[in-house]
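Here the structure is a predicted model, which means the values were calculated and not measured. No hydrogens, no waters, no symmetry mates; every other heavy atom, side chains included, goes into these values.
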Amino acid sequence: MEEYIKTLRHKPVSTNINRNSALLLDTGEWKEFYLHRIFNAEMGNGIDAVMTTNTAPQYNYVSRNSNDNGVVGCVDEIDGETAFPAGAMTLALGGSFLGSCFIQKKPFYTAQNVAVLQEKVPLSVYTKLFIAAIIRNECKIKYMAFGRELNAHFRKDFTLKLPVMHENGEYILDDTQEYSDKGFIPDWYWMEKYMKSLPYSDRI
C-alpha cells in the first residue's frame with residue numbers, strides 16, 4: 001500500500017505567488033446584477049443518462065454533480081441535439097449539489113436541471129472562476145435543495161453583487177444599460193486581476 005501511494009502525486013502543490021499579494025476584497029462598492037443580464041442564461045439539453053450511448057464518445061455529459069466540473073461521462077453525438085461549446089459555464093439548478101457552477105473545458109451535453117451560461121462578451125477563465133464562486137455563495141445563502149431551487153429563478157430574479165468599473169472615484173456608466181438599469185458595468189478586468197493575485201492561481 002505504501003509503495004502504491006508513493007507512485008501517486010503526493011508532493012504539495014507549489015505556487016510562485018506570495019500569499020500576501022492578494023488584492024483587497026472590499027465588497028462595499030459592489031453593485032447588484034441579474035444573472036441573466038450578464039450572461040446568456042438558458043436551460044441545458046435535459047438529456048436523461050439512459051438516452052445516451054458511448055460507442056464512439058465525442059462530448060462530455062454534464063449532470064448535477066460537484067466533482068470533475070460536473071462531468072459524469074463522455075457520450076456519443078446525439079441526433080437532434082446541439083452540443084454547447086467549450087468555455088460555457090454550467091449551473092446545477094437543484095438537488096444536493098444546487099449551485100455547483102463550473103467552466104466546461106470541452107463541448108458538452110447536459111442532463112436534467114442543468115443551466116448553461118454563455119458570456120455576452122469574451123471573458124477570461126479567471127473572470128469566469130470569480131463569478132462561479134460568487135454564484136455558488138449566493139446559492140448557499142438564498143436557495144435550498146428540494147425546496148427553493150433555481151429553476152424558476154436563474155432567468156428571472158437571481159442576483160449577484162460584482163465589482164463595477166469606476167475612474168477617479170466616479171462610476172463609469174453605460175448609456176445602453178446593457179447589464180444594469182442604472183448603467184453599472186461589471187469590472188471584468190478587476191475580477192481577473194484579483195484571481196491572478198491569489199496563491200496557486202499560476203497553476204490554473
Side-chain angles (χ1 to χ4, degrees), residues 22 25-28 30-49 59-75 83-121 123-164 179-180 184 186-188 190-192 194-196 198 200-201 203-204:
L25 192 66
D26 182 5
T27 62
W30 291 15
K31 299 301 178 181
E32 195 169 71
F33 296 87
Y34 286 108
L35 181 63
H36 70 270
R37 294 282 293 272
I38 61 173
F39 284 100
N40 292 316
E42 59 185 308
M43 289 296 295
N45 306 100
I47 301 167
D48 289 327
Y59 299 102
N60 280 348
Y61 177 65
V62 180
S63 186
R64 292 169 293 165
N65 198 306
S66 63
N67 298 319
D68 298 322
N69 281 14
V71 177
V72 295
C74 191
V75 301
F84 291 97
M89 299 166 68
T90 53
L91 174 62
L93 300 176
S96 301
F97 303 113
L98 181 149
S100 292
C101 187
F102 301 107
I103 305 167
Q104 297 303 325
K105 297 180 179 180
K106 298 179 180 180
F108 63 96
Y109 297 120
T110 77
Q112 298 283 349
N113 291 324
V114 177
V116 177
L117 309 176
Q118 298 190 65
E119 67 239 65
K120 294 185 175 182
V121 295
L123 300 177
S124 73
V125 65
Y126 297 97
T127 299
K128 292 178 188 177
L129 286 171
F130 183 99
I131 295 173
I134 299 294
I135 289 174
R136 287 193 293 269
N137 187 64
E138 288 294 312
C139 289
K140 290 178 181 178
I141 297 170
K142 298 178 181 178
Y143 299 92
M144 181 179 65
F146 310 110
R148 180 178 163 83
E149 296 194 326
L150 290 177
N151 302 66
H153 301 281
F154 81 101
R155 288 180 292 185
K156 182 180 178 184
D157 56 6
F158 183 101
T159 59
L160 63 163
K161 284 190 173 183
L162 297 172
V164 296
Y179 302 107
S180 161
F184 296 120
D187 194 339
W188 311 121
W190 188 91
M191 298 180 218
E192 178 178 343
Y194 176 78
M195 294 300 289
K196 286 183 175 179
L198 299 178
Y200 304 103
S201 64
R203 305 304 298 266
I204 294 175

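When atom types are taken as modelled, the side chain of W30 and the backbone of D26 share a donor-acceptor pair closer than 3.5 angstrom. Formation of a donor-acceptor pair under 3.5 Å by the R148 side chain with backbone atoms of K142 is found in this model. No donor-acceptor pair under 3.5 Å is formed between the side chain of Q118 and the backbone N or O of A41. Judged by distance alone, the side chain of N45 and the main-chain N or O of T110 form a donor-acceptor pair under 3.5 Å. Checked by atom type and distance alone, the side chain of D187 pairs as donor or acceptor with a backbone atom of W190 at under 3.5 Å. When atom types are taken as modelled, the side chain of K128 and the backbone of G87 share a donor-acceptor pair closer than 3.5 angstrom. When atom types are taken as modelled, the side chain of Q104 and the backbone of A88 share no donor-acceptor pair closer than 3.5 angstrom.
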Give the intermediate values and the outcome of side-chain contact (heavy atoms from CB on, under 4.5 Å) for residues F33 and Y179.
CA-CA 7 Å; F33 296 87; Y179 302 107; 4.0 Å; yes
Any chance you could lay out the side-chain contact (heavy atoms from CB on, under 4.5 Å) test for Y34 and S180, step after step, and finish with the verdict?
CA-CA 8 Å; Y34 286 108; S180 161; over 6 Å; no
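Put simply, the side chain of R64 does not reach to within 4.5 Å of the side chain of S100, judged on heavy atoms. In this structure, the side chains of I131 and T127 come closer than 4.5 Å at one or more pairs of heavy atoms. Looking at I38 and L160, their side chains come closer than 4.5 Å, going by heavy atoms from C-beta outward. Using a 4.5 Å cut-off on side-chain heavy atoms (C-beta onward), C101 and R136 make contact. Annotation: side chain of L162 is not in contact with side chain of F184 (no heavy-atom distance under 4.5 Å). Using a 4.5 Å cut-off on side-chain heavy atoms (C-beta onward), M191 and P186 make contact. Side-chain contact between I135 and L35 is present, with heavy atoms from C-beta onward closer than 4.5 Å. F158 places a side-chain heavy atom less than 4.5 Å from the side chain of E138.
Atom-to-atom distance recorded for S63:OG and D68:CG is 12.0 Å, nearest 0.5 angstrom. Distance CG/N69 to CE/M89: 10.5 Å, rounded to 0.5 Å. Annotation: the span from L123 atom CG to F39 atom CZ amounts to 5.5 Å, rounded to 0.5 Å. Here the CD-OG1 distance, from E32 to T159, works out to 3.5 Å after rounding to the nearest 0.5 Å. S201 contributes atom OG, which lies 7.5 Å from atom CE of M195 (distance to the nearest 0.5 angstrom). Rounding to the nearest 0.5 Å gives a distance of 8.0 Å between NZ of K31 and NZ of K161.
For NZ of K156, the number of neighbouring non-hydrogen atoms (other residues, nucleotides, ligands) closer than 6.0 Å is 12 at most.
Ring centroid separation for the pair Y61 and Y109 does not come in under the 6.0 Å cut-off. Outside the 6.0 Å centre-distance limit, the rings of W188 and Y194 are not counted as a close aromatic pair. Ring centroid separation for the pair H153 and Y143 comes in under the 6.0 Å cut-off.
When all heavy atoms of F154 and A115 are compared, the pair lying nearest together is CE1-CB, 3.5 Å. Contact record, S66 with F102: O-CZ, 3.6 Å, taken as the closest heavy-atom pair. E192 and S124 make their closest contact through OE1-OG, 3.2 Å (heavy atoms, listed as atom of the first residue, atom of the second, distance).
For the side-chain contact (heavy atoms from CB on, under 4.5 Å) with C139, the lone residue among L93, I134, L98 that qualifies is L98. Under the side-chain contact (heavy atoms from CB on, under 4.5 Å) test applied with T90, the options I103, V62, L117, N65 reduce to a single match, V62.
In this structure, the salt bridge (Lys or Arg N to Asp or Glu O under 4.0 Å) partners of R37, at least two apart in sequence or on a different chain, are D181.
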